[in-house]
There are 2 protein chains.
Amino acid sequence: MMGIRAQQKEKTRRALVDAAFNQLSAERSFSSLSLREVAREANIAPTSFYRHFKDMNELGLTMVDEGGLTLRQMMRKGRQRAEAGGSVIRISVETFMEVLESNPNVFRILLHERSGTSAPFRAAVAREIEHFISELAHYTEATARRSPELARAQAEALVTLVFNAGAAALDMKRVDRKILADRLVIQLRMVAKGAECLQQKMENR
Amino acid sequence: MMGIRAQQKEKTRRALVDAAFNQLSAERSFSSLSLREVAREANIAPTSFYRHFKDMNELGLTMVDEGGLTLRQMMRKGRQRAEAGGSVIRISVETFMEVLESNPNVFRILLHERSGTSAPFRAAVAREIEHFISELAHYTEATARRSPELARAQAEALVTLVFNAGAAALDMKRVDRKILADRLVIQLRMVAKGAECLQQKMENR
DNA sequence: AAATTGAGCGTACATCTGTGCGCCAATTTA
DNA sequence: TAAATTGGCGCACAGATGTACGCTCAATTT
């Protein structure tokens, strides 16, 4: 059991993380947040921030980690739905868009810091996305008898397209998001179909 | 003819733009530059900055415009080379990587501000990239008899993959860039081949 | 030759930032 | 019950930032 003291600490720590997430938006990136702003939003004194995080970077990396968690939950959800049958691509895109919509700021930090100015951040995001890619590559390799290299290239392309669409979808209204999602499905099918063709071509010689 | 006075003005204006470009790096984005830093690097007083730009945003948009110019020059160069024959995809990727290598900071601002926090910036970059996409879509529509919708989706996918690879290539050594470029070529072929298949499928019913 | 213009500078100011220091009060430990 | 720990606070400071204002002086116009 957690002492009343540790509970309170955990509570304000969450308040800090939540405050940071809540300040994110289309026009506000994590790196543009100041320690004081976050502390203000969390209703603590600026100096109290240090009781929880060494600096803003540490807070940010914590947030990226939570993003990774969301990503993995999303994968699980997608896999469950796919088991019920239907177009894997379509189901995956739908799942992605749903999760994106209910956790916009989690994706904001992932998508933005992926190409941000902090090497540790980029590495952390890359690591999370790498999960995605390798899992996908493994799946394709197994179910479609794809060669490892081709499976890898295919998975990368798919993930690139999905995340890119995600970044674009973040600031769209529902209607436009639907159009985007439909186009994304087509693009993913292109990659899948094309990979299949390339695979056959390689086998026939 | 330009008076000696206008010449001098143009000269320090360029100094400002160049100073800003030169400060960009993997760990330094445009939005993290301060007016004073840029002025310092350009060897002018901070307040003199205003003789040339209303604020940092205006400077940034100027830089994005120059980026658009670079992009269009790249397209021309690629088209010329492609006329000589050979794999269009491979030639395009090679051209892209060359231009990327010799103008890293031009691409930095394009690639970063594409998903940045300033709506005007995002719009400006999107406009430049849209050139790319529509030109490519038109080309595919004409030479491969692709339907407009499919051509558009295909072009978008291609451009997404290319620019994404470009962002990743920016901070790589030459060797890794080569590997990346080869994989990119494969991915682009997937899209091209897949689009072809989808097109045929649509026609056969 | 005289008057006007304008690029560039220095000073100044209000505002914001991160963070060191010492205190308090409540919880935890001894 | 006494002592130690620690989350949270206020104060204070140095440094950086954007920008308003007014000056200078060379180029340009009249």
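Every chain is numbered from 1, with letters handed out A, B, ... down the list of sequences.
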Along DNA chain C (nearest heavy atom to each residue), the more 5'-positioned of Arg5(B) and Asn43(B)
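Taking each residue's closest nucleotide, the earlier one in sequence belongs to Arg5(B).
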Touch class at under 4.0 angstrom, heavy-atom based, for Arg13(A) against every strand present:
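Nothing, no nucleic acid heavy atom in range.
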Between dT19(D) and Arg51(B), is there an OP1 or OP2 to side-chain N/O distance shorter than 4.0 Å?
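For dT19(D), neither OP1 nor OP2 has a side-chain N or O of Arg51(B) closer than 4.0 Å.
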Should Ser48(B) be listed as having a side-chain N or O under 4.0 Å from OP1 or OP2 of dC9(C)?
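Checking Ser48(B) against dC9(C): at least one side-chain N or O falls below 4.0 Å of OP1 or OP2.
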How long is the line joining [atom1] of [X] and [atom2] of [N], in whole Å?
| X | N | atom1 | atom2 | answer |
| --- | --- | --- | --- | --- |
| Leu59(A) | dG18(C) | CG | P | 12 Å |
| Gln8(A) | dT27(C) | CD | P | 10 Å |
| Asn57(B) | dT19(D) | CG | C1' | 15 Å |
| Phe49(A) | dG8(D) | CZ | P | 13 Å |
| Lys9(A) | dT5(D) | NZ | P | 15 Å |
| Lys54(A) | dG20(C) | NZ | P | 11 Å |
| Gln7(B) | dA7(C) | CD | C1' | 15 Å |
| Ile44(B) | dT24(D) | CD1 | C1' | 17 Å |

pair Met56(A)-Phe30(A): side-chain heavy atoms closer than 4.5 Å:
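Met56(A) vs Phe30(A): side chains touch.
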Close side-chain approach of Glu149(A) and Met202(A), heavy atoms under 4.5 Å
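Not touching, per the 4.5 Å side-chain cut-off.
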Within residues 42-51 of chain A or reaching into it, pairs that qualify as side chain to side chain donor-acceptor pair (under 3.5 Å) - sequence neighbours excluded:
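Passing the test, one end in residues 42-51 of chain A: no pairs.
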Residue mapping more 5' on DNA chain D - nearest nucleotide basis, Leu33(B) or Ala45(A)
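Taking each residue's closest nucleotide, the earlier one in sequence belongs to Ala45(A).
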More 5' along DNA chain D: Arg36(A) or His52(A), using each one's nearest nucleotide?
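The residue closer to the strand's 5' end, by nearest nucleotide, is His52(A).
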Donor-acceptor under 3.5 Å (Gln199(B) side chain, Ser147(B) main chain):
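Answer holds: yes.
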Option among Gln7(B), Gln8(B), Arg13(B) that satisfies the side-chain contact (heavy atoms from CB on, under 4.5 Å) test with Glu10(B):
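With Glu10(B) as partner, Gln7(B), Gln8(B), Arg13(B) yield a single side-chain contact (heavy atoms from CB on, under 4.5 Å), made by Arg13(B).
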With a 3.5 Å cut-off and heavy atoms only, can you find an N or O donor on one side and an acceptor on the other between the side chain of Thr47(A) and the base of dG10(D)?
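Under the 3.5 Å cut-off, the side chain and the base do form a donor-acceptor pair.
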